[in-house]
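The block underneath contains the structure these notes are about, expressed in structure tokens.
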Amino acid sequence: MALYAIGDLHLSLTANKSMEVFGPAWENYHARIEDGLSVLTEDDTLILAGDTSWGIDLNEAEADFRFLERFPGKKYLIKGNHDYWWTTAAKFRAFCAEKGFTTLELLHNNCAFYGDYALCGTRGWFMEEDAHNVKVLNREVMRLETSLKAAGEKPILCFLHYPPIYQGYQCPEILAVLEKYHVEQCCYGHLHGPTIRRRLEGKWGETEFSLISADYLGFQLKKFCE
């Protein structure tokens, strides 16, 4: 029984968007993801921190979800900026029921639990991507707070797709919410290639930050606890 996380799998078993075009770091990445997921057992939990599938909708993403379903354990999916298949929780549950998928759930406006820990998260936002889209940022802050509130008194592990802080950038609105709820650890994805050098690994305030993009982890799952 263990808790794992990884982000940015960018599966493309149906969509014609192989990440191998981005160089050696992504070479043969589907097989390397399969190797990484092979550690999972029935009692394990895996957080997928966004950009899971390139599928443009649920139908195109089906092969990628079927691939994930092959591996045991519960899997919680967080929205990434390239998860174009993303839909409502009700529609996703109906899709999974129709396809016979039993291990996949969305972590969105809610909270899950693993042992003594609360597992919280949302996509987050980069104001530098669209400096005028304050509404999107405010919505993400609200979603994060909804998730963190649901944790109750349990210690919190938070998972975001966008990093709330890295070299040369901070999202003070997201960081303030993490501080307010005394989040112990925050993991994030989204950074690839040269931008990995700008990551924050370590403590900022009360929170320990770490990058869990698949290419940064060498497509091996990050283990948190038994």
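Leu107 and Phe113 sit in two unconnected hydrophobic clusters of ILVMFWY residues. Membership requires side-chain heavy atoms under 4.5 Å apart, directly or through other members.
Put simply, the side chain of Asp83 gets close to the backbone of Thr52: a donor and an acceptor are under 3.5 Å apart. Asp215 places no side-chain N or O within 3.5 Å of a backbone atom of Ala25 that could act as its donor or acceptor partner. Remark: the backbone N or O of Asn110 is paired with a side-chain donor or acceptor of Ser147 at under 3.5 angstrom. Judged purely by atom type and a 3.5 angstrom limit, Thr146 uses its side chain to pair as donor or acceptor with the backbone of Met142. Of the possible polar contacts, none joining the Arg123 side chain to the Lys79 backbone as a donor-acceptor pair under 3.5 Å is found. Judged purely by atom type and a 3.5 angstrom limit, Glu201 uses its side chain to pair as donor or acceptor with the backbone of Leu211.
Between Phe92 and Trp85, the ring planes lie tilted relative to each other; the angle falls in the 30° to 60° range. Between Phe101 and Phe65, the ring planes are perpendicular. Angles over 60° get that label, and only those under 30° would be called parallel.
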Exercise for review: Using the side-chain contact (heavy atoms from CB on, under 4.5 Å) rule, take Thr87 and Asp57 through it: C-alpha gap first, then chi angles, then the decisive distance, then the call.
Suggested key: CA-CA 8 Å; Thr87 185; Asp57 55 29; over 6 Å; no

Practice item. Kindly indicate, with the supporting measurements, whether the criterion side-chain contact (heavy atoms from CB on, under 4.5 Å) is fulfilled by Tyr76 and Tyr114. Key: CA-CA 12 Å; Tyr76 291 99; Tyr114 179 90; over 6 Å; no

**Study point:** Trp26/Val21 under side-chain contact (heavy atoms from CB on, under 4.5 Å): CA gap, chis, key distance, verdict
**Key:** CA-CA 8 Å; Trp26 290 91; Val21 299; over 6 Å; no

**Study point:** side-chain contact (heavy atoms from CB on, under 4.5 Å) evaluation trace for Phe22 with His10
**Key:** CA-CA 12 Å; Phe22 293 105; His10 287 287; over 6 Å; no

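Leu119 approaches Leu3 most closely through the heavy-atom pair CD2-CD2, 3.8 Å. Between Ile156 and Ala151, the shortest heavy-atom distance links the atoms CG1-CB, 3.7 Å. The shortest heavy-atom contact between Ala2 and Lys223 is CB-CE, 3.7 Å. Annotation for Gln167 and Arg197: closest pair OE1-O, 3.9 Å, computed over non-hydrogen atoms. Between Leu221 and Gly36 the shortest heavy-atom distance is CG-O, 3.6 Å. Shown here for Val141 and Glu173, the closest heavy-atom pair between the two residues is CG2-CB, 3.8 Å.
Ion pairing between Glu105 and Arg93 fails under the 4.0 Å rule for side-chain N and carboxylate O.
Side-chain atoms of Asn28 and Glu20 form no donor-acceptor pair, as typed in the model, at a separation below 3.5 Å. Between the side chains of Lys75 and Thr103, at least one donor N or O sits under 3.5 Å from an acceptor N or O. The closest side-chain donor-acceptor pair between Thr102 and Glu69 falls under 3.5 angstrom. With no hydrogens or angles considered, no side-chain donor-acceptor pair links Glu60 and Tyr84 at under 3.5 Å. For the residue pair Asp8/His192, the side-chain donor-acceptor check at 3.5 Å is satisfied. In summary, the side chains of Thr122 and Glu140 do present a donor paired with an acceptor at a separation below 3.5 Å, with no hydrogens or angles considered.
Residues Asp64 and Thr14 are not in side-chain contact: their nearest non-hydrogen atoms beyond the backbone lie 4.5 Å or more apart. Between Ser53 and Leu13, the closest side-chain pair of non-hydrogen atoms is not below 4.5 Å. At least one side-chain heavy atom of Leu48 sits under 4.5 Å from a side-chain heavy atom of Leu68. Side-chain atoms of Tyr188 and Ser210, non-hydrogen and from C-beta on, never get closer than 4.5 Å to each other. Under the 4.5 Å side-chain criterion, counting only non-hydrogen atoms from C-beta, Asp51 is not in contact with Leu9. For the pair Leu11/Trp54, no side-chain contact is recorded, criterion being any heavy-atom separation below 4.5 Å from C-beta on. Inter-residue side-chain proximity for His190 and Pro163 is flagged as met; some heavy-atom pair is nearer than 4.5 Å. Using a 4.5 Å heavy-atom threshold, the side chains of Ser12 and Tyr29 count as touching.
The cationic group of Lys222 lies under 6.0 Å from the six-membered ring centre of Phe224 and within 45° of the ring axis, placing it in a cation-pi geometry.
Between Met19 atom CE and Ile33 atom CD1 the span is 9.5 Å, to the nearest 0.5 Å. Separation of atoms CZ (Arg199) and CD1 (Ile165) is listed at 14.0 Å; rounding is to 0.5 Å. Taken to the nearest 0.5 Å, the OG atom of Ser18 stands 10.5 Å off from the CD atom of Glu27. Atoms CZ and CD, on Arg70 and Glu34 in that order, are 4.5 Å from each other to the nearest 0.5 Å. Rounded to the nearest 0.5 Å, atoms CG (Leu106) and OG1 (Thr88) are 8.5 Å apart. Atom OH in Tyr117 sits 14.0 Å away from atom SG in Cys111 (nearest 0.5 Å).
Exactly one of Ile212, Ile174, Ile78 qualifies for a side-chain contact (heavy atoms from CB on, under 4.5 Å) with Leu160. That residue is Ile174. For the side-chain contact (heavy atoms from CB on, under 4.5 Å) with Trp125, the qualifying choice from Asn138, Asn133, Leu144 is Asn133, the only one to do so.
Other residues, nucleotides and ligands contribute at most 12 non-hydrogen atoms within 6.0 Å of the CD atom of Glu179. No more than 12 heavy-atom neighbours from other residues, nucleotides or ligands sit within 6.0 angstrom of NZ on Lys91.
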